[in-house]
There are 2 protein chains.
Amino acid sequence: MADPREPAPSPAASLAEGIAARLRDQVTGGALVPGQRLSEARLAAELDISRNTLREVFRLLTREGILRHEPNRGVFVAVPSMASILDIYRVRRLIEVPALAQAWPGHAAVARMRAAVARATELQRIPDWRGVGSANMEFHAAIVALTDSPRLIQFFTQIIAELRLAFGLLDSPELLHRPYIPRNAEILARLEAGDPAGAARLLEDYLNQSERAVLEAFARLG
Amino acid sequence: MADPREPAPSPAASLAEGIAARLRDQVTGGALVPGQRLSEARLAAELDISRNTLREVFRLLTREGILRHEPNRGVFVAVPSMASILDIYRVRRLIEVPALAQAWPGHAAVARMRAAVARATELQRIPDWRGVGSANMEFHAAIVALTDSPRLIQFFTQIIAELRLAFGLLDSPELLHRPYIPRNAEILARLEAGDPAGAARLLEDYLNQSERAVLEAFARLG
DNA sequence: ATGATTATATTGTTGAACAAAGCATGATAA
DNA sequence: TTATCATGCTTTGTTCAACAATATAATCAT
């Protein structure tokens with residue numbers, strides 16, 4: 001029997017990847033503050049792994065963009081900047097819009113989109129806004145999955161992780177996530193109605209508005 | 001004085017990154033055959049580094065897509081497949097064409113494009129077709145640099161590394177690289193003439209034809 | 001020859017050790 | 001007092017040796 005305290009949602013092929021997943025959640029969940037330094041010795045002891053293994057974890061998360069590595073100084077939780085948010089939304093527009101425009105409404109990923117909308121709607125009632133945010137992200141990851149392009153899918157996964165890091169920094173999660181549930185539902189409906197081009201137009205609006213909201217929330221932080 | 005046999009072109013912030021650069025060249029240069037297994041112990045001894053450091057190198061190159069890691073089995077030089085080539089060209093179209101279309105002809109990266117064309121033209125006279133290939137890739141990396149998007153630039157760097165791996169697998173490098181020197185020159189001229197849209201159209205043709213040529217060469221291998 | 005079982009080699013992970021780089025402290029000189 | 005430099009401490013970078021876990025190869029029975 002597995003220890004119920006550690007659900008181990010992913011089989012975690014290697015120990016390093018398992019720890020990486022845990023750390024990733026801690027970062028996107030806000031347990032680790034952006035800019036914070038992660039001491040090798042301390043964290044290794046805390047996680048009960050060796051320094052060498054932790055170093056591998058660091059390499060993984062650094063490549064994902066949620067940690068930053070400064071030679072001979074250590075690793076830090078990445079600090080999202082206005083520039084990075086602009087860049088992220090630019091990449092999102094570039095990838096998501098064509099992905100949706102070329103989509104075949106019968107694609108398997110459409111089911112993922114549907115499930116994501118349903119989950120967001122549920123979590124809204126609790127309410128669990130951070131969860132809603134995750135579900136919304138899953139919706140957009142599914143859009144990229146419509147392309148069947150392994151490289152785009154992997155790249156977008158990183159982008160999403162970075163964006164979640166930025167979200168974690170901001171307050172007012174309700175304002176950031178709630179308005180987009182019906183929008184995602186609309187996009188999905190339009191796609192299922194056999195109008196990918198129309199869905200893509202809606203998506204573009206979505207991204208523009210979301211970007212503006214995020215930047216405003218970011219500006220409020222000073 | 002540095003050992004002239006090891007030019008160490010990049011300062012190599014860390015030892016691992018330096019070794020990674022060397023290994024990367026060996027792979028894209030064809031010294032290491034796709035599918036070949038890289039033994040940790042043997043390679044570590046050969047490169048005169050520890051197994052742990054070599055492991056870090058492996059992680060770096062695996063993330064770049066030129067090595068493949070199978071748990072508990074080892075790492076192998078990635079084997080380009082027809083599917084991966086299709087995917088790579090799809091990504092190239094998605095990123096490069098809009099990048100060029102939105103370009104400002106006075107951007108600093110235009111100089112890089114110019115330099116790449118010049119270098120390819122020179123190397124053509126030697127002739128050094130592998131070098132011509134590298135220069136052509138540099139041309140397209142410069143196109144992506146027109147976007148000023150750090151994420152796109154980094155992503156595209158990986159894509160290029162993978163494509164070079166595929167090129168290394170194929171024979172007839174002249175056929176694969178020579179026809180594209182004048183095409184790149186044309187694209188550059190059109191951009192400098194203040195017609196980014198026209199340049200983008202040329203680029204799209206370029207990518208379609210290049211993809212076809214690569215796939216044909218790949219099919220000839222069986 | 002085929003399938004199961006035992007060796008053997010390789011990877012996964014650890015802990016300790018030392019070198020090298022950065023950081024803090026305090027002494028010295030202007 | 002302030003600035004500069006020397007010193008020591010802390011942390012990262014890298015190596016080494018060892019053992020556990022897993023896959024590959026070899027052996028043996030049928």
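Below, chain A is the first sequence line, B the second, and so on; all start at residue 1. All heavy atoms count here, side chains included; hydrogens, waters and symmetry mates do not.
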Please work out which residues in residues 51-64 of chain A have a non-hydrogen atom less than 4.0 Å from an atom of DNA chain D and list them by number. A:R51, A:N52, A:R55
Students should find that the nucleotides of DNA chain D closing off the region near chain B, any atom under 4.0 angstrom from a heavy atom, are D:dT14 to D:dT24
Sorted by chain and residue number, the side-chain hydrogen bond (donor to acceptor under 3.5 Å, both in side chains) partners of B:Y180 (sequence neighbours excluded) come out as none
Just to verify, what does B:L215 make a side chain to side chain contact (heavy atoms under 4.5 Å, CB included) with, not counting sequence neighbours? B:M82, B:I85, B:L86, B:E211
With a 4.0 Å heavy-atom cut-off, tell me which residues in residues 69-78 of chain A come close to DNA chain C, sorted by residue number. A:N72, A:R73
Output all residues satisfying side chain to side chain contact (heavy atoms under 4.5 Å, CB included) with B:V75, sequence neighbours left out; order by chain, then residue number. B:L38, B:F58, B:H69
For B:L175, which residues count as a side chain to side chain contact (heavy atoms under 4.5 Å, CB included) partner, sequence neighbours excluded? B:S172, B:R220
Less than 3.5 Å apart, which donor and acceptor atoms pair up between the side chains of residues 115-128 of chain A and the rest of the protein, not counting sequence neighbours?
residue	atom	partner	partner atom	Å
A:T121	OG1	A:V117	O	2.7
A:D128	OD1	A:R130	N	3.4
A:D128	OD1	A:G131	N	2.9

Pairs flagged by ring-ring contact (aromatic ring centres under 6.0 Å, His included) wherever residues 155-177 of chain B is involved - sequence neighbours left out: A:F155-B:F155, B:F167-B:H177
Who passes side chain to side chain contact (heavy atoms under 4.5 Å, CB included) against A:S84, sequence neighbours left out? A:P80, A:S81, B:R151
Residues that A:F76 engages under ring pair (Phe, Tyr, Trp, His ring centres under 6.0 Å), provided they are two or more places apart: none
With sequence neighbours left out, write down each residue that passes side-chain hydrogen bond (donor to acceptor under 3.5 Å, both in side chains) with A:Y206, or none if nothing qualifies. A:H140
